[in-house]
Amino acid sequence: MNKKELIEKVKGFESEERYRHTLSMADMAVSLADCYEVDRDLAWQTAMLHDVAKDMSTEEMYAVAEKYGHKIGDFSIRYPENLHAEIGAIIAEHEFGLEDKDALNAIRYHVAARPDMSILEKIIYFSDFAEPTRPNYATMQYLYRVARQNIDYAIIRGLRLLLEYQESHQIPGDIREICCNAFDFILEEQIRKRGADSNDSVQYAEMLTDAEFDEAMEVIRRNGLPLSSVKNARYLGGYLGDRGRKVCKGRVIRSDALSNLTKQDADYLKNVAGLTLVIDLRTAEEVEKSPDVRIPGVRYENIPLSEEVQTDRMDFLKGLYKNSVTENERAWYLSEYARIDEVRQMYYNISVDQKSRNAIRRIFRLILEEEGTVLFHCTSGKDRTGIIAALILYALGCDRTDIIRDYNASALVYMALVESMKEDLRIHGYGTELQEGVQTILGVVPEVIAAGFYYIDSNYATNQELLLEAAGFDPDSLRRFQDKLLV
């Protein structure tokens, strides 16, 4: 079928509005194909056929599946918005003669994407949501410019927009997970590539370099609080911020949970540090299991940064580990413990989940409005707490190097525990994958903060855009936030 014949046949499947979208998308797909050395004729043909089933009724699409003996996939049954992509691939193959398997997959997965997409799949996916007839023209044109340089950056933003749509339309979590899998894969792939291209790639697997260790130790020396019952407590202070001002040392504290807080430490926080508000970032279940010791006269707000953190199995295995009799038992329990990926997944949930971003906005607003000192914490004070600390320092105009130093300081607190557990694994012959799993769950991995910056770079054209969206501020509120915390 030549181009003219294909065009005429496509018109018979699509409305005028749909056909305009198809033509616009095909133009973008061809231009991106040229950037990535993909066959431009194949890209054009795939783009022209991607929506041939979009204007069909559900009954008509099921009839096509029955005609060609195709069983509708479970995902399309649960998520009808994907059905036209699946049936479109069937029509493209059987009624338009498209034989290229890569092209057929590009049509089949152009709605929700998938892990490990080919470059043609990425081109079709991106062109579908970003072509010029779509809403938010300015944003889409910016993403198109990004896509011409690095299509993965652009696709991550596209998946983020899709996940926001699904969240706002109350699409079930098991369906959103399909899109999250694609988001996760591309993000992790880019981080791996960065590591491979870096002379310091060893940092992604190990704790800290000698220089990073010294810098983190200086952060603790300068900002650490003299508390015996809270392991990982320190001020956010001393870093150079907006217009040459420094972050005030006495306004904001980051820490781990206050579940074992002694009276002496409580008195210090209230009477010396001037604490008036505690923001607990843990889930309600975590708070119920291990509630903070309340300080009289201090207000408490529970604002879960992620509802997806599941700790039951981690707590169970931790207990077994502590009570194990032999070294072999310790190593086995530790190997099981290290396989848990909930903590790693949490970072991605925060980046795509509307509830998490709403929580961030509440936290920023409370810090802005509170007269006294604010303390925020999660369980260990390194992951969820680290994310909020990084965003606050970002909002204050601090350099990324200082943000990383502040994040890395938590590594020193848990270093002995992590290295002891990793040594248990090494002694009993467990591989580096499990050792790195322990590092990820219990320690601090520079990869995590790198992933955070990658997310920022992938989704926001400027720092101002990030801050206004993440904090929910208008420019005046952002200025007041900076004026309050910078001196």
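Below, all heavy atoms of this structure are taken into account, side chains as well, without hydrogens, waters or symmetry copies.
- Side-chain contact check for I360 versus I388: some heavy-atom pair is nearer than 4.5 Å.
- Environment of CG in D399: crowded, with over 12 heavy atoms of neighbouring residues, nucleotides or ligands closer than 6.0 Å.
- Residues passing the ring-ring contact (aromatic ring centres under 6.0 Å, His included) test with F126, sequence neighbours excluded: F129.
- Contacts of Y239 classified as ring-ring contact (aromatic ring centres under 6.0 Å, His included), with partners at least two apart in sequence or in another chain: none.
- For T262, the side-chain contact (heavy atoms from CB on, under 4.5 Å) test picks out S228, S229, Q264, D265, with sequence neighbours left out.
- Residues forming a side-chain contact (heavy atoms from CB on, under 4.5 Å) with R221 (at least two apart in sequence, or on another chain): E218.
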Pair R361, N358 - check side chain to side chain donor-acceptor pair (under 3.5 Å), show working. CA-CA 5 Å; R361 294 179 180 187; N358 288 342; 4.8 Å; no
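- Counting heavy atoms from C-beta outward, S127 and L32 have side chains that approach closer than 4.5 Å.
- At a cut-off of 3.5 Å, with distance as the only test, no side-chain donor of T276 or E371 sits close to an acceptor on the other residue.
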Go through the steps to decide whether Y394 and R400 satisfy the test side chain to side chain donor-acceptor pair (under 3.5 Å), and finish with yes or no. CA-CA 8 Å; Y394 214 103; R400 288 191 178 191; 3.1 Å; yes
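- Side-chain contact between I295 and L275: present, with at least one pair of heavy atoms (C-beta onward) separated by less than 4.5 Å.
- Listed by chain and residue number, nothing satisfies the ring-ring contact (aromatic ring centres under 6.0 Å, His included) test with H377 (two or more places apart in sequence, or in another chain).
- Defined by atom type and a distance below 3.5 Å, a donor-acceptor pair is missing between the side-chain atoms of D256 and S380.
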Give the intermediate values and the outcome of side chain to side chain contact (heavy atoms under 4.5 Å, CB included) for residues R243 and L486. CA-CA 10 Å; R243 288 183 290 165; L486 293 171; over 6 Å; no
Check the pair Y125 / I151 against side chain to side chain contact (heavy atoms under 4.5 Å, CB included), numbers first and verdict last. CA-CA 10 Å; Y125 175 81; I151 197 167; over 6 Å; no
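- No salt bridge links R480 with D483; every basic N to acidic carboxylate O contact stays at or beyond 4.0 Å.
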With salt bridge (charged side-chain N to carboxylate O under 4.0 Å, His left out) as the test, would you mind laying out the steps for D292 and R282 before giving the verdict? CA-CA 11 Å; D292 282 348; R282 299 176 297 170; 3.3 Å; yes
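- For F481, the side-chain contact (heavy atoms from CB on, under 4.5 Å) partners at least two apart in sequence or on another chain are F364, I367, L368, I392, A395, L396, F473, L485.
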